[in-house]
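Note that the structure is a prediction, hence the values are computed from the model and not measured.
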Amino acid sequence: MATPHTYTDAEKAAIQATFPAPYNTADLAAGETQFNKCRSCHTIGADKMNMVGPHLYGVFGRKAGSVAGFAYSDAMKNSGIVWDDDSLAKFLRDPKADLPGNRMSFPGIKDDAALGDLLTRLKQATQ
């Protein structure tokens, strides 16, 4: 397995600059803090390790419920969602309301800035 690339701050800034607003100005450090809420269940590295939840590497553009080797709920497998900025924001704001029957126990992130910071961190870390 290839060793995951560790990005320099300059590389992170260059990647972030390619994102559409508001992600191009989000706070990556705050996004990392927000990701700490996810870390007990998900990984974001290129090693693609599933835990209690599926790995999130390559999540943008991926069909929901499609990571090999992970046992998804029927609700997630049958949702037809393809993860993008909007679908992830809606889901992460309130997972139970957005997709009834999914097994994610996370209560959601209601604060727009915090959610934007998290999504930016995910974009930067999961490409």
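Val59 and Phe70 fall within the same hydrophobic cluster, where Ile, Leu, Val, Met, Phe, Trp and Tyr residues are linked whenever their side-chain heavy atoms come under 4.5 Å apart, directly or through other members. At a threshold of 4.5 Å between side-chain heavy atoms, the hydrophobic network of Ile, Leu, Val, Met, Phe, Trp and Tyr places Leu28 and Leu122 in two separate groups.
Arg62 contributes a side-chain N or O that, together with a main-chain N or O of Tyr57, makes up a donor-acceptor pair within less than 3.5 Å. Under the 3.5 Å distance criterion, the side-chain polar atoms of Asn50 are matched with a main-chain donor or acceptor of His55. In this structure, the side chain of Thr120 does not engage the main chain of Ala26 through any donor-acceptor pair within 3.5 Å. Of the possible polar contacts, one joining the Asn102 side chain to the Pro95 backbone as a donor-acceptor pair under 3.5 Å is found. A donor-acceptor pair under 3.5 Å is formed between the side chain of Asn78 and the backbone N or O of Asp74. Within the 3.5 Å criterion, the main-chain N or O of Ile81 finds a donor-acceptor partner in the side chain of Ser79. The closest donor-acceptor contact from the side chain of Asp117 to the backbone of Asp27 lies under 3.5 Å.
To the nearest 0.5 Å, the span separating CG on Asp9 from CD on Glu11 amounts to 9.5 Å. Separating the OH atom in Tyr72 from the CZ atom in Arg103 is a distance of 10.5 Å, to the nearest 0.5 Å. A distance of 9.0 Å separates CZ in Arg93 from CD1 in Ile109, rounded to the nearest 0.5 Å. With values rounded to the nearest 0.5 angstrom, Lys123 atom NZ is found 8.0 Å from Thr18 atom OG1. Atom NE2 of residue His42 and atom CE of residue Met49 lie 12.0 Å apart, to the nearest 0.5 angstrom. The CG atom of Leu56 sits 11.0 Å away from the CZ atom of Arg39 when rounded to the nearest 0.5 Å.
Using a 3.5 Å distance cut-off with no hydrogens or angles, the side chains of Asn36 and Thr33 do not pair a donor with an acceptor.
Taking both residues in full, the closest heavy atoms of Gly65 and Lys77 are given as O-CG, 4.1 Å, listed atom of the first, atom of the second, then distance. Pairing each heavy atom of Gly101 with each of Ala75, the nearest pair is C-CB, 3.5 Å.
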Exercise. Does the pair Leu115 and Leu92 meet the rule for a side chain to side chain contact (heavy atoms under 4.5 Å, CB included), with working shown?
Worked result: CA-CA 8 Å; Leu115 184 56; Leu92 292 174; 3.7 Å; yes

Exercise. Would Thr126 and Phe60 satisfy side chain to side chain contact (heavy atoms under 4.5 Å, CB included), going step by step from the backbone distance to the final call?
Worked result: CA-CA 8 Å; Thr126 64; Phe60 288 89; 3.9 Å; yes

For this session: Determine, step by step, whether Ile44 and Cys38 satisfy the side chain to side chain contact (heavy atoms under 4.5 Å, CB included) criterion, reporting the C-alpha distance in whole Å, the side-chain angles of both residues, the deciding distance to 0.1 Å, and the verdict.
Result: CA-CA 10 Å; Ile44 56 177; Cys38 313; over 6 Å; no

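The local environment of NZ in Lys37 is crowded, with over 12 non-hydrogen atoms from other residues, nucleotides or ligands closer than 6.0 Å.
Counting only heavy atoms from C-beta outward, the side chains of Leu99 and Met104 never approach each other to under 4.5 Å.
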